[in-house]
Amino acid sequence: MTINRIELIESSLNAALNPTHLEIIDQAKQHEGHRHEGAGHFVVKIVSEQFEQQGVLQRHRLVYDALGDLMQTDIHALSIQAMTPTEFSQ
Amino acid sequence: MDIMEKIDQQVKSHPIVVYMKGTPQFPQCGFSSRAAETLKKCGVEFAYINVFEDREVYENIKSYANWPTFPQIYVSGELIGGCDILLDLFAKGELKSMLENASKTA
């Protein structure tokens with residue numbers, strides 16, 4: 001189940017943002033006993049040229065938009081670290 | 001009043017308002033808890049809306065702001081982001097002055 005979700009997130013982000021680096025970390029264990037357990041908590045580290053010239057708010061929106069319905073169905077919580085290739089290499 | 005107008009009025013009538021799960025005293029999600037704690041550390045007054053207590057707000061604010069998660073933090077009528085962005089601004093030392101300015105000009 002979790003592996004499927006990670007694959008879904010990965011393919012959505014790859015398709016929309018063409019990242020040069022992408023890490024998806026499942027942190028479901030932090031939410032044990034939580035009312036939303038079942039829909040996971042993930043950390044996404046993503047590096048994409050599409051974040052150039054974008055503020056942090058807009059970068060997060062691009063990630064949310066790329067994930068679309070997954071945000072409602074499969075993802076309860078998402079921490080996002082969105083960087084440009086230049087920022088990532090520093 | 002239309003629900004979008006109601007949200008708009010809430011957002012714009014408080015210099016700082018957080019839409020969260022639970023309350024600052026009894027947060028019901030780790031992210032909402034961290035956001036409220038960070039706001040408290042800045043020592044400014046802020047309003048909060050517990051989205052579990054208003055189903056209409058809960059269902060509509062995600063499209064109001066084009067932002068699909070909670071918490072949502074609004075400063076001077078503008079969404080500044082969720083928990084990650086708030087903590088990031090705090091770590092960079094920018095949050096306190098941003099909030100203080102918003103309170104002063106309100």
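Sequence lines set the chain letters: A, B, ... in the order given, protein chains first and strands last, and positions in each chain run from 1.
For A:L78, the part lying near chain B is the backbone, with the side chain staying farther off; criterion is any non-hydrogen pair under 4.5 Å. The contact between B:L79 and chain A is made by backbone and side chain atoms together, counting heavy-atom distances below 4.5 Å. Residue contact with chain A, scored on non-hydrogen atoms closer than 4.5 Å, involves the backbone and the side chain of B:N66 alike.
Residues B:V44 and B:Y74 share a single hydrophobic cluster, defined by chaining ILVMFWY side chains whose heavy atoms lie under 4.5 Å apart. Following chains of ILVMFWY side-chain contacts shorter than 4.5 Å, one cannot reach A:V47 starting from A:V43, and the two form parts of different hydrophobic clusters. The hydrophobic clustering, which links ILVMFWY residues whose side-chain heavy atoms are closer than 4.5 Å, places B:Y19 and B:L87 apart. Under a hydrophobic clustering in which Ile, Leu, Val, Met, Phe, Trp and Tyr are joined whenever their side-chain heavy atoms come within less than 4.5 Å, directly or via other members, A:L70 and A:I6 fall into the same cluster. A single hydrophobic cluster is not seen to contain both A:I25 and B:F31; linkage of ILVMFWY side chains at heavy-atom distances under 4.5 Å, directly or through other members, places them apart.
Put simply, the side chain of B:K62 does not reach to within 4.5 Å of the side chain of A:M71, judged on heavy atoms. Residues A:H60 and B:T69 fail the side-chain proximity criterion, which asks for heavy atoms closer than 4.5 Å.
Other residues, nucleotides and ligands place more than 12 heavy atoms under 6.0 Å from the CD atom of A:E87.
Pairing each heavy atom of B:D84 with each of A:I80, the nearest pair is OD2-N, 2.6 Å. Considering all non-hydrogen atoms of both residues, A:Q72 and B:P68 come closest at NE2-CB, 4.2 Å. Minimum interatomic distance between B:I85 and A:V56 (heavy atoms only, all atoms of both residues): CG1-CG2, 3.8 Å.
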